[in-house]
Amino acid sequence: MLDIPFQVETVPADQAETALKALIDAEDGVSPILLGDRDVFSTEWAEYVDVFENPATILAEARALDANRWFANRRTRRETRTVDLGATHRAQAWLTRMVQLPSAALNLPLRMVKGLVRTPKSTETEAPEDQLVVNLRSQLAELEAAGEGTEAELAEIREVIAEIKAGVDGGLFPDPVDYVTPRRGGDMAAGLVKTSEPWESAAWLQHGAYAICAPKAVFVAHCRWLWLENGARLITASTDHVGFQMERPIASLIEAAEVMRRFELLGAIEINGDLIGSDGKSLVGAERLWVWWD
């Protein structure tokens with residue numbers, strides 16, 4: 001098993017936001033990355049990192065790389081913004097992943113969903129019961145029949161179903177910090193990566209799909225571009241996502257389309273509430289980006 005090559009500190013899970021801000025403010029020359037449950041992160045690192053590449057070498061390659069030219073010379077599989085996915089479609093795509101198996105509904109924090117579900121400002125007639133609601137009710141019935149989950153957890157699932165049935169407006173996607181916050185247990189892991197600039201932490205994060213889908217130096221150069229363009233700071237990472245906090249949020253659909261295009265070339269599937277190929281409107285003005293790889 002390869003040792004984790006940076007300091008990992010334990011922070012209170014129920015104070016993740018406060019802890020993240022304190023670490024950013026207090027740690028000079030260190031970029032904090034929330035990594036979720038410490039045992040899960042350690043297991044994922046052991047399973048996915050067979051060879052840890054030298055971050056200094058990756059950073060040197062990233063600095064020498066003309067990211068704009070690299071991305072300009074490569075075409076995506078399809079034109080960006082040619083597919084318009086409705087909010088219910090996006091909700092179904094994300095929540096279906098959550099409930100593929102009965103146990104999965106209890107392993108992910110449903111509060112990532114609650115609060116991000118938006119109901120229409122006015123609804124004259126009851127929203128039709130779509131396949132998403134049917135699927136969730138079926139999964140709930142399985143959980144109840146199997147005797148899995150506490151009554152509080154089952155009640156929370158029922159509440160989510162009710163909110164979705166009432167209508168979804170503006171997409172459905174998790175906040176990056178909520179995404180890595182453990183549902184059970186009081187602690188979570190924060191990686192403290194020594195850097196001169198926040199984007200450099202990407203060279204150390206080698207346990208995720210993003211480190212497999214594209215050359216590591218290109219991924220790091222892209223993080224550098226996002227930092228220079230938008231003040232995008234890496235704040236979360238797991239095997240299937242990275243999260244960014246945006247000092248200067250994306251201001252237009254044109255900018256959003258380019259960000260989505262570049263992430264598509266890095267193998268990403270979804271950003272915030274938009275699958276690759278959609279219009280990217282959930283990126284515009286967003287203070288955080290949740291970027292997901294399948």
Side-chain angles (χ1 to χ4, degrees), residues 1 3-49 94 97-98 103-117 148-157 159-160 172-195 197-202 204-208 210 223 231-247 272 286-292:
M1 174 179 172
D3 292 334
I4 296 170
F6 46 81
Q7 180 183 346
V8 179
E9 182 173 309
T10 299
V11 300
D14 61 352
Q15 299 177 32
E17 292 280 358
T18 303
L20 176 64
K21 185 179 186 307
L23 289 170
I24 290 173
D25 292 343
E27 297 286 347
D28 187 29
V30 172
S31 294
I33 311 289
L34 298 180
L35 301 166
D37 180 274
R38 185 166 187 151
D39 290 338
V40 172
F41 164 67
S42 298
T43 299
E44 290 176 340
W45 187 275
E47 289 181 352
Y48 290 97
V49 184
W94 192 80
R97 295 202 297 271
M98 184 183 76
S103 61
L106 302 179
N107 289 336
L108 290 175
L110 284 172
R111 55 191 167 69
M112 295 193 309
V113 180
K114 293 172 59 180
L116 291 171
V117 176
E148 295 188 34
T150 66
E151 183 52 42
E153 289 170 327
L154 297 176
E156 192 173 9
I157 296 173
E159 184 179 346
V160 170
L172 181 64
F173 56 93
D175 174 83
V177 173
D178 278 344
Y179 192 68
V180 297
T181 300
R183 182 170 176 78
R184 295 181 176 84
D187 296 324
M188 68 186 303
L192 304 182
V193 185
K194 294 182 179 180
T195 62
E197 294 185 279
W199 63 270
E200 295 177 355
S201 61
W204 298 78
L205 299 174
Q206 300 182 25
H207 69 300
Y210 38 85
C223 291
R233 174 189 290 270
L234 269 166
I235 57 169
T236 62
S238 68
T239 55
D240 63 8
H241 99 289
V242 291
F244 296 89
Q245 188 160 289
M246 310 290 280
E247 182 179 310
N272 286 5
E287 295 183 357
R288 287 178 177 169
L289 298 184
W290 172 79
V291 188
W292 184 75

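The structure displayed is predicted, hence computed values, not measured ones.
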For side-chain contact (heavy atoms from CB on, under 4.5 Å), just list the numbers for Arg233 and Ile24, CA-CA rounded to whole Å, side-chain angles, deciding distance to a tenth of an Å, and then say yes or no.
CA-CA 10 Å; Arg233 174 189 290 270; Ile24 290 173; 3.7 Å; yes
Going by salt bridge (Lys or Arg N to Asp or Glu O under 4.0 Å), name the residues that satisfy it together with Glu287, two or more places apart in sequence or in a different chain.
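Glu287 satisfies salt bridge (Lys or Arg N to Asp or Glu O under 4.0 Å) with no other residue.
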Considering residues at least two apart in sequence or located in another chain, which fulfil the side chain to side chain donor-acceptor pair (under 3.5 Å) criterion with [X]?
X      : answer
Thr236 : His241
Gln206 : none
Glu17  : Arg288
Thr18  : none

Minimum-distance pair of heavy atoms, taken over all atoms of [X] and [Y]:
X      : Y      : value
Cys223 : Trp199 : O-CB, 3.6 Å
Ala237 : Leu205 : CB-CD1, 3.9 Å
Val180 : Leu35  : CB-C, 4.4 Å
Met246 : Ala286 : CG-O, 3.7 Å
Ala13  : Thr181 : O-CG2, 3.6 Å

Which of parallel (below 30°), tilted (30 to 60°) and perpendicular (above 60°) describes Tyr210 and His207?
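Aromatic pair Tyr210/His207 classed perpendicular.
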Rounded distance [0.5 Å steps], [atom1] in [X] versus [atom2] in [Y]:
X      : Y      : atom1 : atom2 : answer
Thr239 : Glu47  : OG1   : CD    : 9.0 Å
Asn272 : Trp292 : CG    : CH2   : 14.0 Å
Asp37  : Ser42  : CG    : OG    : 8.5 Å
Ile33  : Trp204 : CD1   : CH2   : 12.5 Å

Checking Val30 against Phe6 for the side-chain contact (heavy atoms from CB on, under 4.5 Å) test, could you report, in this order, the C-alpha distance in whole Å, the side-chain angles of both residues, the deciding distance, and whether it holds?
CA-CA 10 Å; Val30 172; Phe6 46 81; over 6 Å; no
With side-chain contact (heavy atoms from CB on, under 4.5 Å) as the criterion, how do Leu34 and Ile235 come out once you've worked through the C-alpha distance, each side chain's angles and the decisive distance to 0.1 Å?
CA-CA 6 Å; Leu34 298 180; Ile235 57 169; 5.9 Å; no
Do the side chains of Trp45 and Pro5 get nearer than 4.5 Å, heavy atoms only?
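When only atoms from C-beta onward are counted, Trp45 and Pro5 do touch, with a gap below 4.5 Å.
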Heavy-atom distance under 4.5 Å between the side chains of Leu20 and Pro32, does that happen here?
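They are in contact (side-chain heavy atoms under 4.5 Å apart), so the answer is yes.
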Expected list for residues 187-195: side-chain donor-acceptor pairs under 3.5 angstrom, two or more places apart:
| unit_1 | atom_1 | unit_2 | atom_2 | d |
| --- | --- | --- | --- | --- |
| Thr195 | OG1 | Ser31 | OG | 2.7 |
| Thr195 | OG1 | Glu197 | O | 3.3 |

Where do Asp175 and Trp290 land on the side-chain contact (heavy atoms from CB on, under 4.5 Å) test, with the steps shown first?
CA-CA 7 Å; Asp175 174 83; Trp290 172 79; over 6 Å; no
